[in-house]
Number of protein chains: 2
Amino acid sequence: MEPKVATQDVRSHILETAQVIISGKGFSAVGLNQILQAAGVPKGSFYHYFGSKEAFGEELLKSYFADYHETLDAMLSRPGLNGAERLISYWQTWLETQSACDPKGKCLTVKLAAEVSDLSETMRAVLARETSRVVARLEQAVAEGIEDGSLPATLNAKVTASTLYQLWLGASLRSKIIRDPEPMKCALTATKEILGL
Amino acid sequence: MEPKVATQDVRSHILETAQVIISGKGFSAVGLNQILQAAGVPKGSFYHYFGSKEAFGEELLKSYFADYHETLDAMLSRPGLNGAERLISYWQTWLETQSACDPKGKCLTVKLAAEVSDLSETMRAVLARETSRVVARLEQAVAEGIEDGSLPATLNAKVTASTLYQLWLGASLRSKIIRDPEPMKCALTATKEILGL
DNA sequence: CACACTGTAGACGACTGGTCTAATCGTGTT
DNA sequence: AACACGATTAGACCAGTCGTCTACAGTGTG
């Protein structure tokens, strides 16, 4: 017998299970059945926790980004490093997690952005809002790097953050296509170049 | 009554119709019925021309890239411009076509890469091969720019081409998410920067 | 005319999709 | 012990999926 879990945990358990599956197969291509079967939750329960598949997708993204922001902020606040080093450590981590096979760490933005943006307005809105927050946090980090002198003062923090985020989004996409981390390595080189390092 | 069309045209007609629909809704989310109804072609014909939905997807990508390579090559061969100008004109065009509403011009790579890469090995292979050809053509263009002196000789053609392609892939993705061409404008600025213009 | 062949036509099968209603379960109160 | 009531679930539901299959139209050839 499975250990009994509190009600809120069922919800999170569905979300966690789904994240792994969906980050692999996408949103439309995955049925509720598959997710619920994997989670060991009966189909009837789904609509007790979520209003619809779309609402569920929204929650999935929200919970994913909640984690993401936390990790991101931790990395960009790490003491003992200057601004430039903190930024590079972030992208170094990106490279590593996205190269690894572990589906748990795969980026949902890369996987779902194109598919979901034309499919669900609410899900797109979550992606828009949350990725903007990521870029804003990166912008802050760039500004800090300029402040502490580890980055050239000639940089425009906003544009630089945007550019780098886009570069890495695209690099991840291309790595996905060719099944090789080389594009992300290339992106890391370019990142250092752009940051004047 | 519809005008009678030659047999080969039915095949292309299906492909053209599908491209518009799929570049909007994605691959998994679109059913054969929808495509065939829009094209005015019965289901029986579909399986006469294509072995399966997946095989069809492969052909769709191939035909898309056939056009793409042609346009790309035309743009990067245009006489009267130096290497740098030809490159910029390509990205200027990218910005315009992807900002426009016309679904006919939407980039299938941006739309399908993430979805398809984990869904169909054969479709992924087409994407891998064809995007590599695009990058190779860009690399050649960068090399020409260095040759004719319109680009700095310090550039590494291969890395630069890769980086720029990835940057634009990501910029398009982010523009899709936030429904605003601003990321691509930012990419254009960054492109000029990277090219030393 | 008879035949073969290419392509059209769409009904059909087996199955899966998301959704919802109606019943069951669990727990706390009387 | 009996009840009530919300939390949870089983399973029906139908629309839609891809793919198959048979029937047939049109054309060119012998």
Side-chain angles (χ1 to χ4, degrees), chain A residues 1-19 21-22 24-61 112 115-116 118-124 126, chain B residues 1-19 21-22 24-61 63 112 115-116 118-124:
Chain A
M1 251 318 184
E2 298 287 325
K4 199 67 190 168
V5 288
T7 166
Q8 191 52 27
D9 287 341
V10 174
R11 212 186 108 101
S12 331
H13 179 56
I14 297 175
L15 286 170
E16 279 167 33
T17 311
Q19 186 185 319
I21 300 176
I22 285 182
K25 299 202 183 191
F27 188 73
S28 300
V30 170
L32 263 14
N33 278 327
Q34 189 179 349
I35 294 169
L36 295 169
Q37 207 166 319
V41 172
K43 193 173 188 180
S45 296
F46 181 82
Y47 283 86
H48 175 69
Y49 296 104
F50 304 99
S52 66
K53 194 190 181 188
E54 185 182 3
F56 167 71
E58 222 183 305
E59 296 303 311
L60 180 71
L61 288 173
L112 296 184
E115 178 185 0
V116 149
D118 304 304
L119 191 71
S120 155
E121 179 55 26
T122 57
M123 289 177 75
R124 185 195 67 76
V126 175
Chain B
M1 251 320 184
E2 298 288 327
K4 201 66 190 169
V5 289
T7 168
Q8 190 52 28
D9 288 341
V10 172
R11 209 185 113 102
S12 331
H13 179 55
I14 297 174
L15 287 169
E16 280 167 31
T17 310
Q19 185 185 318
I21 299 176
I22 285 181
K25 299 203 183 189
F27 188 73
S28 300
V30 171
L32 261 16
N33 279 328
Q34 189 180 347
I35 295 169
L36 296 171
Q37 207 165 319
V41 171
K43 196 169 239 173
S45 294
F46 179 84
Y47 283 91
H48 175 71
Y49 293 106
F50 305 100
S52 65
K53 192 190 181 187
E54 187 182 1
F56 167 70
E58 223 183 304
E59 295 303 311
L60 180 70
L61 288 174
S63 91
L112 297 184
E115 180 186 359
V116 149
D118 305 304
L119 190 72
S120 156
E121 180 54 25
T122 55
M123 289 177 75
R124 185 195 67 77

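Because only heavy atoms are used, hydrogens play no part in the values below, and waters and symmetry mates are left out as well, while side chains stay in. Order of the sequence lines fixes the chain letters, A, B, ..., with proteins taken first and strands second; residue numbering starts at 1 for each chain. For clarity, every value in this text was computed on a predicted model and none was experimentally measured.
Remark: C1' of C/dG7 and CZ of B/F50 are 14 Å apart, rounded to the nearest angstrom. A/F46 has its CZ atom 12 Å from the C1' atom of C/dG17, to the nearest Å. In this structure, CZ of A/F56 is placed 14 Å from P of C/dG17, rounded to the nearest angstrom. Whole-Å rounding puts the A/L36 CG to C/dG17 C1' distance at 12 Å.
You'll find that the side chain of A/S52 is closest to C/dT19, out of C/dT19, D/dG19, C/dG10.
For A/S45, a side-chain nitrogen or oxygen approaches OP1 or OP2 of D/dT9 to under 4.0 Å. Between A/Y47 and C/dC20, a side-chain N or O to OP1/OP2 separation shorter than 4.0 Å is absent. Look at B/Y49 and you'll find a side-chain N or O under 4.0 angstrom from OP1 or OP2 of C/dT8.
In terms of the side chain to side chain donor-acceptor pair (under 3.5 Å) criterion, residue partners of A/E58 (sequence neighbours excluded) are, by chain and number, A/T122. B/S45 meets the side chain to side chain contact (heavy atoms under 4.5 Å, CB included) test with B/V41, B/P42, B/Y49; sequence neighbours excluded. The salt bridge (Lys or Arg N to Asp or Glu O under 4.0 Å) search around B/E59 returns B/R11, B/K62, not counting sequence neighbours.
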Determine all donor-acceptor pairs shorter than 3.5 Å in which one atom belongs to a side chain in residues 31-40 of chain B; sequence neighbours excluded.
residue, atom, partner, partner atom, Å
B/N33, OD1, B/K43, NZ, 3.4

Each nucleotide N or O in nucleotides 15-17 of chain D that has a protein N or O under 3.5 Å away: list the pair and distance.
residue, atom, partner, partner atom, Å
D/dT17, OP2, B/N33, ND2, 3.4

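For the helix from C/dC1-D/dG30 to C/dT30-D/dA1, the end axes, each set by the C1' atoms of five terminal pairs, are bent relative to each other by 30° (nearest 10°).
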